[in-house]
Amino acid sequence: MVLSYYGIGEKSSLNLRKKTNLLLQQVRHRYKSKREDEKLKKTLIFSAIVMLLIGYQLISICIAQDYSKWGLPEGAIARLGKGNINEITFSPDGTKFAVSTTIGVWIYSAENGKELDLLKSNEIDIVSSVFTPDGKSLMSAAANGETHLWNVNTGEKLSRLTDGNDFVEKVALSGDSTKLVTNSMDDKFRVYDLENPETDPLVIDDTFQSVKYLEFSTDGEIIAATKIPHHSQYGKVVENVRMQVWNTKTKNQLLNIPGEDPYITAMILLADGNTIVTADVDNQIQFWNIAAESVSHTFKVSEVGTTLAYAPKSRILASCQEKISLWNISSNKEQATLIRTLKGHERTITASAFSPDENTLVTASEDGIIIAWDVKTGNQQFSVSGHICITQQLAFADTDDTLMSANSRAPWIGWDTDIHDWDLTKKKILSSDALEFIRTEAISPDCRTVIVEKENGDIDFLNIKSEKRQYSIKGFAKDKLNPNFTFSFNGKVIATNDMDGKIHVWKIPDLKQTSKPWKTLSLTEKQGWIRTLSADGNTLASVENRRIVRVWDVITGNSYLTFYDDMPTSSDSTKQITGLRFSPDGKTLVVSNEEEIHLWDTKTGEQIALCIPDRITWSMTFTFSPDSSILVSACRGTKLSLEVGELRTATGSSITEFVSENDGGTFQLWDARTGELLSTHTGHTNKINDLAFSNDGRTLATGGADGTILLWDWEKIASMR
């Protein structure tokens, strides 16, 4: 489609050569003079070469427009999804806008929404970005406080100005791109001078209350932060702060608003440096005068504002949720008049920004759709798609030309989950289905069926597209069954446990006639949970007390292997089981704890191999190559331990352990027979939630919490060492 736009391609180049040769023949016939013929021939050949070079250059430009191949790690062949959207900002001339996402900064044309570039640095979320005043460079700030300066025209990374660390919780850039403020686990703000990055940051002591929203004034002099309310603990009432404001030069606190209600849902600091606008759960918009330390005006809106944007010259405030309300604000900010309401998003809006001329408003919602609005008319100018949320689950279609993914805003599958069908030829979304079910518990391996627990305890299996019930499990009391079922690889057998310590197994075809389980197995401990079934569903592995693994013959109902039953029952969390999976041939069971991966022979119970991952983790996900010879493992975040006193909060307590997901997007390949580490691959900026092979075994798909899916050339990465 892009080639036809430029009007040139392989066929066009071939026709050009043919026409050139025909023209040369005509010239030879017409001009008898050898000298003139040779001179003209050289001229025409030169012209033809120039035209061909231009054509080939245009072809290369067109190919470069395939953004699914931008910034790929070695061994990857495509990226589906552009990452979750964090922030939108315009260039000073208004010709482009930057979208900060979980995988980098996307640069879009403000005229038509076309992708211009992807600025991708280290494997870390980019939460904020600001163009420099001349528009030639862009400053990006990562979730860990790391900042980079980029050449906007070339996409070249010019420099890294600050280093990141795992303790940072919130970051914000000043509007003039000269300063960065971070809020960390030690309850301190640190202000960095990005023009003099070698100098130590200014440190401001904060209260011991987590920051929800953090804003920086354009000139970097004012910090505004809203706080997450504390709750009474052990009978002690904890003092709460809604919002605080500091001066970064004097370190003086300018504003301190106590209380926790109504909870603030959005905040912006206006360019005048003296006004803060907030939205809260009471559907209020409030203008705060910092100098006066009070609210100058309050007005009601129809729905809770999840993001705010302000156009200072036209004095228009955009209050956004699913719809957008445009308000005209009086010069003294004491009155607000509703101009119009814009409708077009189907999910909650999470980011918004006005263009410099204030004629365009760009908004982005939870479903990854970006819409540009004409402020004067309220019409949509263009929309951009492709941004998705956390990838939870993947499945290839039988023909391998389509990939299904389950994506959710939350770290679990629930009512806000979308099922996307991806065209793997064109690398774009074919269709999407939103799960509107309140009690979504699990999705089948083929991403076609959703499991829903009803109020009466029945478990319904619903077709995602039609929302029609395919079959049900009845006869169990409410909350008696764990509705998060485990499926066999072929999707024909399901299993779960109940509150009495029993495992129930069903054959899915039988559910059309009866809810009675095919087999029921008895655990020795009620704390057991099901983790994996073999490919055919005839073998099952369960975990008890997070330390003991039992392997069951489903047909006989007997447990014939037990692993780890000699483990100590102390509070040593590193020995708790974090992952479990059968190989496709059923001969190997992989069991992981926070530090190790064990491969066991499912027939003899002997340990085949021991693997040591590249990090300590609280959870792991696995898959095997189709021939069961290679194990693929991915750590879901990194568990970090600190010495007592190394990191103290404002209350004086020490943080000794936490989980970092900043560099969790790595997976490793292991020889399933020897445990040898074959290779390590990094491409996601956050933890990998699922791994899936295509049916022909040529492609490995990895789905990350960064809102992307990477497709890998299996033959290539399996041969890398």
Side-chain angles (χ1 to χ4, degrees), residues 85-88 127-128 143 169-173 175 181-184 187 189 204 206-218 222-232 237-247 253-310 317-325 327 329 333-334 336 347-353 363-366 409 650:
I85 297 170
N86 292 321
E87 188 181 81
I88 299 172
V127 296
S128 183
E169 295 184 311
K170 296 290 180 182
V171 302
L173 285 165
V181 60
T182 66
N183 177 251
S184 301
D187 298 320
F189 287 101
I204 299 176
D206 180 26
T207 60
F208 53 95
Q209 199 170 330
S210 298
V211 172
K212 178 64 176 177
Y213 297 104
L214 181 61
E215 287 284 326
F216 219 169
S217 63
T218 301
I222 305 297
I223 300 172
T226 64
K227 301 300 185 74
I228 298 174
H230 280 298
H231 298 284
S232 298
V237 177
V238 181
E239 182 180 357
N240 283 295
V241 174
R242 284 186 73 205
M243 183 169 61
Q244 291 177 325
V245 180
W246 291 266
N247 183 298
Q253 189 177 94
L254 305 178
L255 192 65
N256 185 65
I257 307 300
E260 67 176 72
D261 294 323
Y263 184 66
I264 293 174
T265 57
M267 175 184 69
I268 53 173
L269 181 59
L270 301 192
D272 63 11
N274 190 50
T275 306
I276 297 173
V277 186
T278 61
D280 60 42
V281 293
D282 284 354
N283 292 18
Q284 294 182 130
I285 301 291
Q286 292 186 311
F287 283 77
W288 300 80
N289 186 300
I290 297 175
E293 300 184 27
S294 62
V295 176
S296 61
H297 185 65
T298 299
F299 61 93
K300 284 281 189 176
V301 293
S302 60
E303 58 185 11
V304 176
T306 54
T307 180
L308 301 168
Y310 186 67
L317 176 72
S319 172
C320 312
Q321 209 229 32
E322 283 190 8
K323 60 184 179 181
I324 303 159
S325 298
W327 301 87
I329 307 299
K333 303 183 180 69
E334 291 185 355
R347 292 286 181 87
T348 300
I349 296 170
T350 57
S352 58
T363 56
S365 59
E366 288 182 344
R409 285 286 298 179

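Scope of the values below: all heavy atoms of this structure, side chains included, with no hydrogens, waters or symmetry mates.
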Ignoring hydrogens, what is the shortest heavy-atom contact between [X] and [Y]? Give both atom names and the distance.
{"X": "Lys300", "Y": "Asp282", "result": "NZ-O, 2.7 Å"}
{"X": "Arg242", "Y": "Asp261", "result": "CD-O, 4.0 Å"}
{"X": "Ala266", "Y": "Tyr213", "result": "N-CE1, 3.9 Å"}
{"X": "Ser319", "Y": "Val301", "result": "OG-CG1, 4.4 Å"}
{"X": "Glu87", "Y": "Val127", "result": "CB-O, 3.7 Å"}
{"X": "Leu308", "Y": "Ala279", "result": "CD1-N, 4.0 Å"}

After noting the C-alpha distance and the side-chain angles of Thr298 and Gln286, does the key distance pass the side-chain hydrogen bond (donor to acceptor under 3.5 Å, both in side chains) rule? CA-CA 4 Å; Thr298 299; Gln286 292 186 311; 3.3 Å; yes
Judged by modelled atom types alone, do Thr278 and Trp288 share a side-chain donor-acceptor pair under 3.5 Å? yes
How about Thr350 and Glu366: does a side-chain donor come under 3.5 Å of a side-chain acceptor? no
Non-hydrogen side-chain atoms of [X] and [Y] separated by less than 4.5 Å:
{"X": "Gln209", "Y": "Gln244", "value": "no"}
{"X": "Leu317", "Y": "Phe299", "value": "yes"}
{"X": "Tyr263", "Y": "Asp280", "value": "no"}
{"X": "Val171", "Y": "Leu214", "value": "no"}
{"X": "Asn183", "Y": "Val181", "value": "no"}
{"X": "Tyr310", "Y": "Ile268", "value": "yes"}

What do the steps show when you test Asn240 against Lys227 for side chain to side chain contact (heavy atoms under 4.5 Å, CB included), and what is the final call? CA-CA 8 Å; Asn240 283 295; Lys227 301 300 185 74; over 6 Å; no
Mind running side chain to side chain contact (heavy atoms under 4.5 Å, CB included) on Ile290 and Thr275 for me, showing each step along the way? CA-CA 6 Å; Ile290 297 175; Thr275 306; over 6 Å; no
Does [X] use its side chain to pair, donor to acceptor, with the backbone of [Y] at less than 3.5 Å?
{"X": "Ser296", "Y": "Phe287", "value": "yes"}
{"X": "Glu303", "Y": "Lys323", "value": "yes"}
{"X": "Asn274", "Y": "Ala291", "value": "yes"}
{"X": "Asn289", "Y": "Ser294", "value": "no"}

Interatomic spacing from OG1 in Thr363 to CD1 in Ile88 - rounded to 0.5 Å: 7.0 Å
How far apart are the C-alpha atoms of Thr306 and Thr265, what are their side-chain angles, what is the distance that settles it, and do they pass the side chain to side chain contact (heavy atoms under 4.5 Å, CB included) test? CA-CA 6 Å; Thr306 54; Thr265 57; 5.6 Å; no
Give the intermediate values and the outcome of side chain to side chain contact (heavy atoms under 4.5 Å, CB included) for residues His297 and Ile329. CA-CA 11 Å; His297 185 65; Ile329 307 299; over 6 Å; no
Contacts of Thr226 that satisfy side-chain hydrogen bond (donor to acceptor under 3.5 Å, both in side chains) - sequence neighbours left out: none
